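Okay, structure first, notes after.
Sequence lines set the chain letters: A, B, ... in the order given, protein chains first and strands last, and positions in each chain run from 1. Computed from a predicted model, the values in this text were never measured in an experiment.
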Number of protein chains: 2
Amino acid sequence: MVEEPTYFVIEKIFRDRGLNVIGVPTDSQGMLVSELENLLLDGLKPSILYIIPAFQNPTGLCLSNDRRGQLISLANKFDFHILADEVYQLIHFDELPPKPFLAFDEGNRVISFGSFSKILAPGLRTGWIHAAPEVIKKFSDAALTFSGGGFNHYSAALIREVIDLGLLDTHVSVLREEYSVRSDAMHQALQLYFGNEIEYTRPSGGYYFWLTFPEGFDSDRLLTSAEKAGVSYRPGNAFSESGKFSRQIRLAYTLFEVEELKEGISRLHEAYSEYSIE
Amino acid sequence: MVEEPTYFVIEKIFRDRGLNVIGVPTDSQGMLVSELENLLLDGLKPSILYIIPAFQNPTGLCLSNDRRGQLISLANKFDFHILADEVYQLIHFDELPPKPFLAFDEGNRVISFGSFSKILAPGLRTGWIHAAPEVIKKFSDAALTFSGGGFNHYSAALIREVIDLGLLDTHVSVLREEYSVRSDAMHQALQLYFGNEIEYTRPSGGYYFWLTFPEGFDSDRLLTSAEKAGVSYRPGNAFSESGKFSRQIRLAYTLFEVEELKEGISRLHEAYSEYSIE
């Protein structure tokens, strides 16, 4: 089970592993637990639910506290595990997001993972698992872990030094500050160029704006003219095999400076104006 | 299908992945292809054969050229793939081992892998796959590869510099020379202390001596007194779930200096003398 929309590679990753993938609709508070419950009551027996509870990819939204508790109840009742992809948890702006998902779990339903990719450097390919001790033990006792003695010693050794020197805390603070500034800049530019033409919830952390265009809009089609104008994005249907998101696009503000973001939104609007005329 | 004996974690790794593991006996030229053929003719339908063709772990032996060809024929006839673990291929002494397994394959049966763990530094956790282009494509097109853009960017970038600067070639030459010297030292010490009490084939590359003790010997039992004497090894039955190797022990000569190796063999013989008296 995954959110609709969700991280754009996860459905293919699961299918590559022989899993069947089913989407559950979301709203501004994240996964619609009532919709999931209906599927379960109809006899669906998932082994895992994959979810991005904080600053979701692509929507930027957080799963509410209430729904976190409800999902754990369903996991207990219907016997499935929750894979919580919490890689954006630490990238919050002024307000803290809900606590990490494991805080809502009194058993061993939640297997949460974080990554230094999002808070230090993507190339390090190193992260962590946050779960009950008996769950952690399954990973640390696995033959693959034993064989290599670990998954990435060299990066892990580097990261340990960065943490011990206090540099990770400093770096995460810098990211929060800088991403907050960039997010504001993107918001201002979107207001300036698009105004009421689009709808979105302003992100309070994470990497993304998830824009909804008017009825009839085709985000795949705009991409061609956008790229001609020298700007790009991921169209909504990249994030779901359901095909429900042709009115949406995802923008990332983390990779560019404020002036570049302004220029990007200006070019996007230019492409959109041409698209609207066509 | 695996060799009996084989790399001591691989059986558990395969079982962790839900695979059933069956051993095939070996002799001084590696896997007994005739025994494998009998199993196949009896109706066994393996999906993969895992084999360490050069300087095998734990025996140190190489699979002969003839048997390499025969294995490919069987793989074609009975439709299975060969996972060739060739991590020791480059660690040869005076004579070259047979060519890499893929050289014997005119189709796409062989999936060979190498590792910088054995020729540069284990902590890098980076290796390569050597296979037909259509096989490589399956790995490079996998969702997991796409998601991360690669498996270990940081180590890969370091290794690339090491290769471009010509330092890997130099380092491998140093390892060959040094491991050859250490292997000789272990051989001399084994002759000095054990003489005819044990049997083994002198390795011509790789990391290991595989010693056979007299009838009735129990390599698990010797381990306790060996460790009391300050020396250790992996007992034969660590390398096979078949339980056939209680007369064998594996010694590694790569991790120690010549003087330490001599001292280690001396201590091992001391423990063996006590063991024999008990």
Side-chain angles (χ1 to χ4, degrees), chain A residues 2 6-21 47 50 52 57-58 83 85 87 113 115-118 120-127 137-162 234 238-241 255, chain B residues 2 6-21 47 50 52 57-58 83 85 87 113 115-118 120-127 137-162 234 238-241 255:
Chain A
V2 299
T6 187
Y7 168 50
F8 70 100
V9 193
I10 202 71
E11 290 175 302
K12 187 161 159 31
I13 290 176
F14 287 148
R15 287 193 207 283
D16 273 6
R17 298 291 170 127
L19 293 165
N20 189 20
V21 182
S47 55
Y50 169 84
I52 309 165
N57 182 0
L83 275 187
D85 183 347
V87 296
F113 45 96
S115 174
F116 295 99
S117 290
K118 294 289 186 286
L120 189 56
L124 295 171
R125 302 278 96 197
T126 304
K137 197 169 151 49
K138 284 202 180 183
F139 290 101
S140 53
D141 285 356
L144 192 65
T145 323
F146 179 65
S147 170
F151 294 99
N152 200 339
H153 308 272
Y154 196 87
S155 291
L158 281 173
I159 292 165
R160 198 229 154 112
E161 292 296 320
V162 168
R234 284 212 185 265
F239 302 95
S240 173
E241 294 175 358
L255 295 171
Chain B
V2 299
T6 186
Y7 169 50
F8 71 99
V9 193
I10 201 72
E11 289 174 305
K12 189 164 159 26
I13 290 176
F14 286 149
R15 287 193 206 284
D16 274 7
R17 297 290 171 129
L19 294 166
N20 189 20
V21 182
S47 55
Y50 168 83
I52 309 164
N57 181 1
L83 275 186
D85 183 347
V87 296
F113 45 97
S115 174
F116 296 99
S117 291
K118 294 290 187 283
L120 189 56
L124 295 171
R125 302 278 96 200
T126 306
K137 196 167 152 49
K138 284 204 178 182
F139 290 101
S140 55
D141 285 356
L144 192 65
T145 323
F146 179 65
S147 169
F151 294 99
N152 200 340
H153 308 271
Y154 195 87
S155 291
L158 281 173
I159 291 165
R160 197 227 154 116
E161 291 297 321
V162 168
R234 286 213 186 262
F239 302 95
S240 173
E241 294 175 357
L255 295 171

Taking all non-hydrogen atoms of both residues, which atom of [X] and which atom of [Y] are closest, and how far apart?
| X | Y | value |
| --- | --- | --- |
| V9(A) | S147(B) | CG1-CB, 4.0 Å |
| R17(B) | L144(A) | NH2-CD2, 3.9 Å |
| R125(A) | G150(B) | CD-O, 3.6 Å |

> Could you give all pairs that pass the salt bridge (charged side-chain N to carboxylate O under 4.0 Å, His left out) test and reach residues 142-153 of chain A, with sequence neighbours left out?
Replying inline: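 Matches after skipping sequence neighbours: none remain.
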
Considering only heavy atoms, which portion of [X] lies under 4.5 Å from any heavy atom of chain B: side chain, backbone, both, or neither?
| X | result |
| --- | --- |
| S155(A) | side chain |
| L158(A) | side chain |
| F151(A) | backbone |

>> Could you check whether atom CZ of F146(B) has more than 12 heavy atoms from other residues, nucleotides or ligands sitting under 6.0 Å from it?
In response: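 Open.
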
> What's the spacing between N152(A) CG and Y154(B) OH if we round to 0.5 Å?
Replying inline: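 N152(A) CG to Y154(B) OH: 11.0 Å, rounded to 0.5 Å.
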
> Checking R15(B) against chain A: side chain, backbone, both or neither under 4.5 Å from a heavy atom?
Replying inline: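 For R15(B), neither part sits under 4.5 Å from chain A.
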
